[in-house]
Every structure is written in structure tokens, then in C-alpha cells.
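Numbering of residues begins at 1 and proceeds along the displayed sequence. Below, each value reflects all heavy atoms present in this structure, side chains not excepted, and no hydrogens, waters or symmetry copies.
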Amino acid sequence: MNSKPVLALDDVKRIAAAAEAEALKNQWAVSIAIVDDGGHLLWLQRLDGAAPVSAHIAPGKARTSALGRRESRVYEEMINQGRTSFLSAPGLEALLEGGVPILVDGHCVGAVGVSGVKSSEDAQIAKAGIAALG
């Protein structure tokens with residue numbers, strides 16, 4: 001039997017707090033979602049002023065990143081380069097930059113998805129949250 005690390009609630013809270021701090025520091029109104037390795041929602045918060053649709057997009061970005069074990073940006077780039085068949089990939093949604101996997105000891109334990117500002121800024125917030133794990 002193999003074993004691997006998993007996200008604990010304290011980890012999720014630490015990631016969320018650091019992501020929120022990054023967003024607030026830059027005055028970015030976003031939604032932040034954190035999922036486990038199966039794409040199941042563990043955390044969702046919509047900061048004041050964030051568009052309602054961002055609360056739907058952020059979990060989608062996180063789920064896509066967790067299930068694909070890569071940044072959601074990779075799918076957006078493939079589609080933009082003409083590989084539009086990825087638009088029909090089952091289980092993947094929000095194929096936009098802003099979903100970042102959480103990797104621990106070579107294992108994907110989940111992902112953070114952010115929506116509300118430029119996609120590169122969404123990814124910046126997600127990465128700041130993940131960096132809080134050390």
C-alpha cells in the first residue's frame with residue numbers, strides 16, 4: 001500500500017489566508033477556491049467586490065488543475081494554439097490560467113484556483129497561497 005501526504009484543514013486555512021493577503025495587498029477583488037487531489041471543494045471565499053461569476057470560475061480552475069496535475073494555464077495555451085479538442089475533455093472546466101496544483105513530495109495533494117483579475121494575477125495569488133505551506 002502506498003501512502004501520500006494529504007491536505008489538513010490547517011493547511012487549507014494557511015493557504016487561504018496567504019492567498020487572501022496577496023489579493024488584499026494588491027487590492028484585487030477575487031474568489032479563492034481550494035480543492036483536494038480529486039477536485040473536491042475544501043474552501044471557497046469571495047472577497048468583497050469580487051464578481052459573482054468568479055465564485056463559479058475559481059473552483060473550476062482549481063478542479064482542472066488538481067485533476068490534470070498541472071497549472072490550468074497549460075490547457076488554455078493548448079487551446080489557444082489550436083488544440084480545441086480540449087474544450088470537450090470530460091471533467092475539465094475553466095480551462096483558463098489561475099489554477100495551480102499543490103505539490104508535496106512529488107504528489108499532487110490538491111490545487112488552488114483564483115478568479116477575478118487578470119489570469120496571470122489570479123495565478124500569482126494562488127502561488128502565494130501555496131507558498132505558505134513552506
Distance, nearest 0.5 Å, that separates CD1 of Ile130 from CD1 of Ile125: 12.0 Å
Matching residue for Ile15 among Leu42, Asp10, Val112 - test: side-chain contact (heavy atoms from CB on, under 4.5 Å): Val112
Candidate pair Lys61 and Glu71, rule salt bridge (Lys or Arg N to Asp or Glu O under 4.0 Å), full reasoning: CA-CA 9 Å; Lys61 288 179 177 184; Glu71 288 193 40; over 6 Å; no
Steps toward side chain to side chain contact (heavy atoms under 4.5 Å, CB included) verdict (His107, Leu103): CA-CA 5 Å; His107 298 278; Leu103 303 174; over 6 Å; no
Any donor-acceptor pair under 3.5 Å from Ser72 side chain to Leu96 backbone: yes
Side chain to side chain donor-acceptor pair (under 3.5 Å) contacts touching residues 17-26 (sequence neighbours left out): Glu20-Gln45, Glu22-Lys25, Glu22-Asn26, Glu22-Gln124
Side chain to side chain, Asp122 and Lys118, heavy atoms closer than 4.5 Å: no
Within-4.5 Å side-chain heavy-atom neighbours: Ser120 and Arg73: no
Nearest heavy-atom neighbours spanning Leu47 and Ala23: CD1-CB, 3.7 Å
Residue pairs passing the salt bridge (charged side-chain N to carboxylate O under 4.0 Å, His left out) test where at least one lies in residues 78-107, sequence neighbours excluded: Arg63-Glu93
Under the salt bridge (Lys or Arg N to Asp or Glu O under 4.0 Å) test, residues paired with Arg14 that sit two or more places apart: Asp11
Spacing of Arg70 atom CZ and Tyr75 atom OH [to the nearest 0.5 Å]: 4.0 Å
Heavy-atom donor-acceptor pair, Ser65 side chain to Ala62 backbone, under 3.5 Å: no
Contacts of type salt bridge (Lys or Arg N to Asp or Glu O under 4.0 Å), residue Lys4, not counting sequence neighbours: Asp37
Side-chain donor-acceptor pair present, Ser115, Ser54, cut-off under 3.5 Å: no
Val6 and Val109: CA distance, side-chain angles, deciding distance, side chain to side chain contact (heavy atoms under 4.5 Å, CB included) verdict: CA-CA 6 Å; Val6 296; Val109 298; 5.7 Å; no
Closest approach of Pro101 to Ala111 (non-hydrogen atoms, all atoms of both residues): CA-CB, 3.9 Å
Hydrophobic cluster identity match, Ile34 and Leu24, side-chain contacts under 4.5 Å: yes
Identified side-chain contact (heavy atoms from CB on, under 4.5 Å) counterpart of Ile102 within the set Leu133, Val35, Asp36: Leu133
Minimum-distance pair of heavy atoms, taken over all atoms of Ala66 and Cys108: O-SG, 3.9 Å
Audit row: Leu95, Glu76, side chain to side chain contact (heavy atoms under 4.5 Å, CB included) steps and yes/no: CA-CA 5 Å; Leu95 303 173; Glu76 180 179 11; 5.5 Å; no
Leu87-Leu92 co-clustered via ILVMFWY side chain contacts under 4.5 Å: yes
Distance-minimising heavy-atom pair for Ala33 and Leu41: CB-CD1, 4.1 Å
Chi angles and distances behind the side chain to side chain contact (heavy atoms under 4.5 Å, CB included) call for Ile32, Leu44: CA-CA 6 Å; Ile32 301 163; Leu44 177 63; over 6 Å; no
Residues that Val53 engages under side chain to side chain contact (heavy atoms under 4.5 Å, CB included), provided they are two or more places apart: Ala51, Ile57
Hydrophobic cluster membership, Trp43 vs Leu67, 4.5 Å side-chain cutoff: no
Residues forming a side chain to side chain contact (heavy atoms under 4.5 Å, CB included) with Ala29, sequence neighbours excluded: Ala50
